[in-house]
Chemist: 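Provided herewith is a single structure, encoded as structure tokens, for subsequent inquiry.
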There are 2 protein chains.
Amino acid sequence: MTIVRDATLHQRILGDIEARIVSGEWPPGHRIPFEVDLAADYNCSRMTANKVLTQLAKSGLIERRKKSGSFVAQPRAQSAVLAIAEIEAEVQSLRLAYSHVVHAREKRRANASDKQRLELSEAASVLDITCIHHAGPAPFCLEERLISLATVPEAEAETFAKISPGTWLLKQVPWSAAENRISAVSADASVAGLLDIEKGTACLVIERRTWSPAGPVTSVRLTYPGDRHALVAKFAPGGEG
Amino acid sequence: MTIVRDATLHQRILGDIEARIVSGEWPPGHRIPFEVDLAADYNCSRMTANKVLTQLAKSGLIERRKKSGSFVAQPRAQSAVLAIAEIEAEVQSLRLAYSHVVHAREKRRANASDKQRLELSEAASVLDITCIHHAGPAPFCLEERLISLATVPEAEAETFAKISPGTWLLKQVPWSAAENRISAVSADASVAGLLDIEKGTACLVIERRTWSPAGPVTSVRLTYPGDRHALVAKFAPGGEG
DNA sequence: CAGTGGTCTAGACCACAAG
DNA sequence: TTGTGGTCTAGACCACTGA
């Protein structure tokens, strides 16, 4: 099977149990040895056994119930990990030259639509940016972005000519929380023109809203020509591949 | 800020550090107190401090370097967690009645295309199933599935009339690994007919390949009408929302 | 009420890399 | 060479909950 590298003790125990669950030897509902028994089996302290079972529970492979023990869980909805890269890195990983052009840039007081997109309660200033990302000579992605100037006032002084809005924001507001919504739409005339594709072409759309502790940061809609782009998400029972 | 529930010690420490990183008080590159110092600050043992920093490192918020210490990481590509539910659960969460119809079902020796889709090296038998999932009266999703009979021979005896292939496989082969590819395509005439949509409608497509330790299990292509479906993925700096 | 998981301690030894 | 993280131990107490 898998090669046993010189792993740490709890990694070895973890691997053993994972293998028995994944192979079906321990089916859903099967009771796993108690912490004290595991510790005895592997001749280790209870903390080490606990570490293993805690990790298995966190990754969803087992369920723990006080007084009853730990049981192999019923597999439910798969939650895959979706890597969403920066557009520049994405283009470069294709070995193509990256560039971007700011197509429109407007500061305004938030209108009703803006407030909804950014989940703003009061009227505030926003920056609306339309930007095309290129891979080599061809358009790669259309970016339509709204930035809350209440949260990121520094954006007003930035033209985004040399640095793309996404990259700039990552430096200004690191570690913000985000929610991504992925859907498919047909390109309308405007989008088709900007991306240099046929009107009606299926496009993959990622809408992302981003918050920092200081408030809403940005709302962005990324439109990719469908035949040129795909997202990949992986799922492994143990948590990582 | 956030309400401090009666949390465990390491959760409290974890929250404190996360808050300082997320708020920008500790910018990327900033050095975090050593384990021994943290332990002294919070008047706890070193293991507790270690648990906190280990978890922060695993969630990507900090980088740990021996002899140097731990540092706030540079935020890189966001990896969002994408929940991929079972179709039946998905429909029911919309408060609609679920049903499915098997449209085609064929057993054959794997041809070149089948081998590629399932990553089979030798010729083997496969089951090819086309199935429509309904939400209420309307088609919800088109499922085109290939099952490797070498890995799951029990599938040959199953008609999938009462239980959908996905649900059945989840019971047969729990905890398999999977890779999902998400893209957008225009519905061709065949797909449009099956889903009762206009030809050319943008559709969200999820292609999933699944493995168990015993070998490749299944390859499935799920096609959703784009205007009726979207995937949601969340990202939080601490790992969970 | 007894047994299980949840958490924490106060040590210890080792590997490794920076100075 | 020295300090840091990585790991592990052999205990301990508590809360909860199922029998």
Side-chain angles (χ1 to χ4, degrees), chain A residues 2-18 20-21 26 28-74 238-240, chain B residues 2-18 20-21 26 28-74 238-240:
Chain A
T2 49
I3 298 169
V4 177
R5 308 173 277 189
D6 49 359
T8 64
L9 181 51
H10 62 265
Q11 281 174 343
R12 211 161 56 78
I13 305 175
L14 191 82
D16 286 358
I17 299 181
E18 270 183 11
R20 278 188 268 226
I21 295 177
W26 287 354
H30 182 273
R31 193 172 74 201
I32 280 180
F34 300 128
E35 291 186 355
V36 281
D37 296 338
L38 258 187
D41 290 351
Y42 284 92
N43 196 28
C44 66
S45 80
R46 199 193 129 203
M47 265 222 86
T48 305
N50 178 293
K51 198 170 187 171
V52 171
L53 296 191
T54 299
Q55 190 162 335
L56 281 170
K58 200 160 51 178
S59 70
L61 272 182
I62 70 171
E63 278 181 10
R64 312 202 71 183
R65 288 197 288 270
K66 287 182 185 178
K67 174 69 181 173
S68 308
S70 305
F71 301 83
V72 177
Q74 302 289 339
E240 44 184 310
Chain B
T2 50
I3 298 169
V4 177
R5 309 171 278 190
D6 50 359
T8 65
L9 182 50
H10 64 264
Q11 281 175 343
R12 212 162 53 81
I13 306 176
L14 191 82
D16 286 358
I17 299 181
E18 270 185 12
R20 278 189 267 228
I21 294 177
W26 287 354
H30 182 273
R31 192 172 74 202
I32 280 180
F34 300 126
E35 290 186 355
V36 281
D37 296 338
L38 259 187
D41 290 352
Y42 284 91
N43 197 29
C44 65
S45 81
R46 199 195 130 202
M47 266 221 85
T48 304
N50 177 295
K51 198 170 187 172
V52 171
L53 296 192
T54 299
Q55 189 163 335
L56 281 169
K58 199 161 51 177
S59 70
L61 272 181
I62 69 171
E63 279 179 10
R64 312 202 71 181
R65 286 197 289 272
K66 287 182 182 177
K67 173 70 180 171
S68 308
S70 305
F71 302 83
V72 178
Q74 301 289 338
E240 44 184 311

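Below, read A as the first sequence line, B as the second, and so on, with proteins coming before strands; counting in each chain starts at 1. Only this structure's heavy atoms are used, side chains among them; waters, hydrogens and symmetry mates stay out.
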Chemist: Considering only heavy atoms of chain A and a distance under 4.0 Å, specify the first and last nucleotide of DNA chain D in 5' to 3' order that meet this criterion.
Modeler: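 Result: dT7(D) to dG18(D).
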Chemist: Could you check Arg65(B) against Ser68(A) and say which one's nearest nucleotide on DNA chain D is further toward the 5' end?
Modeler: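 By nearest-heavy-atom nucleotide position, the 5'-most residue is Arg65(B).
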Chemist: Round to a whole Å and report the spacing from CZ of Arg31(A) to P of dG3(C).
Modeler: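 Atom-to-atom, Arg31(A) to dG3(C), this comes out as 13 Å.
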Chemist: If I take atom CD from residue Glu18(B) and atom CD1 from residue Ile62(B), how far apart are they, to the nearest 0.5 angstrom?
Modeler: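 So the CD of Glu18(B) and the CD1 of Ile62(B) are separated by 10.5 Å.
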Chemist: Side chains of Leu38(B) and Ile17(B): closer than 4.5 Å at any heavy-atom pair?
Modeler: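 The answer is yes, as the side chains (C-beta and beyond) meet within the 4.5 Å cut-off.
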Chemist: Do Met47(A) and Met47(B) make a side-chain contact, defined as non-hydrogen atoms from C-beta onward lying under 4.5 Å apart?
Modeler: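 In short, these two side chains touch, coming nearer than 4.5 Å.
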Chemist: Apply side chain to side chain contact (heavy atoms under 4.5 Å, CB included) to residues Val52(B) and Glu35(B) and explain how you reach the verdict.
Modeler: CA-CA 9 Å; Val52(B) 171; Glu35(B) 290 186 355; over 6 Å; no
Chemist: Please give, in whole Å, the distance from dG5(C) C1' to Leu56(A) CG?
Modeler: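 Rounded to the whole Å, the gap is 14 Å.
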Chemist: Any non-hydrogen side-chain atom of Thr54(B) less than 4.5 Å from a side-chain atom of Arg64(B)?
Modeler: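 Thr54(B) vs Arg64(B): side chains touch.
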Chemist: Got Ile13(A) and Cys44(A) here, is their nearest side-chain heavy-atom distance under 4.5 Å?
Modeler: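 Yes; the side chains approach each other to less than 4.5 Å.
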Chemist: Rounding to a whole Å, what distance do you find between Lys66(A):NZ and dA2(C):C1'?
Modeler: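 It works out to 15 Å between those atoms.
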Chemist: Could you tell me whether Leu53(B) contacts a base, only the sugar-phosphate backbone, or nothing, with contacts defined as non-hydrogen atoms closer than 4.0 Å?
Modeler: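 Leu53(B): no heavy atom of the nucleic acid under 4.0 Å.
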Chemist: Once rounded to the nearest 0.5 Å, what's the spacing between atom OG1 of Thr48(A) and atom CG of Leu9(A)?
Modeler: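 CG of Leu9(A) is found 5.5 Å from OG1 of Thr48(A).
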Chemist: Roughly, in whole Å, what's the span from NZ in Lys67(B) to C1' in dA17(C)?
Modeler: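 Interatomic distance, NZ of Lys67(B) to C1' of dA17(C): 8 Å.
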Chemist: Under a 4.0 Å heavy-atom cut-off, which of residues 42-50 of chain B touch DNA chain C?
Modeler: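 Contacts with DNA chain C under 4.0 Å: Asn43(B), Cys44(B), Ser45(B), Arg46(B), Met47(B), Thr48(B).
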Chemist: Can you tell me how far apart OG1 (Thr8(A)) and CG (Leu14(A)) are? Round to the nearest 0.5 Å.
Modeler: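 Rounded to the nearest 0.5 Å, the OG1-CG separation comes out at 9.0 Å.
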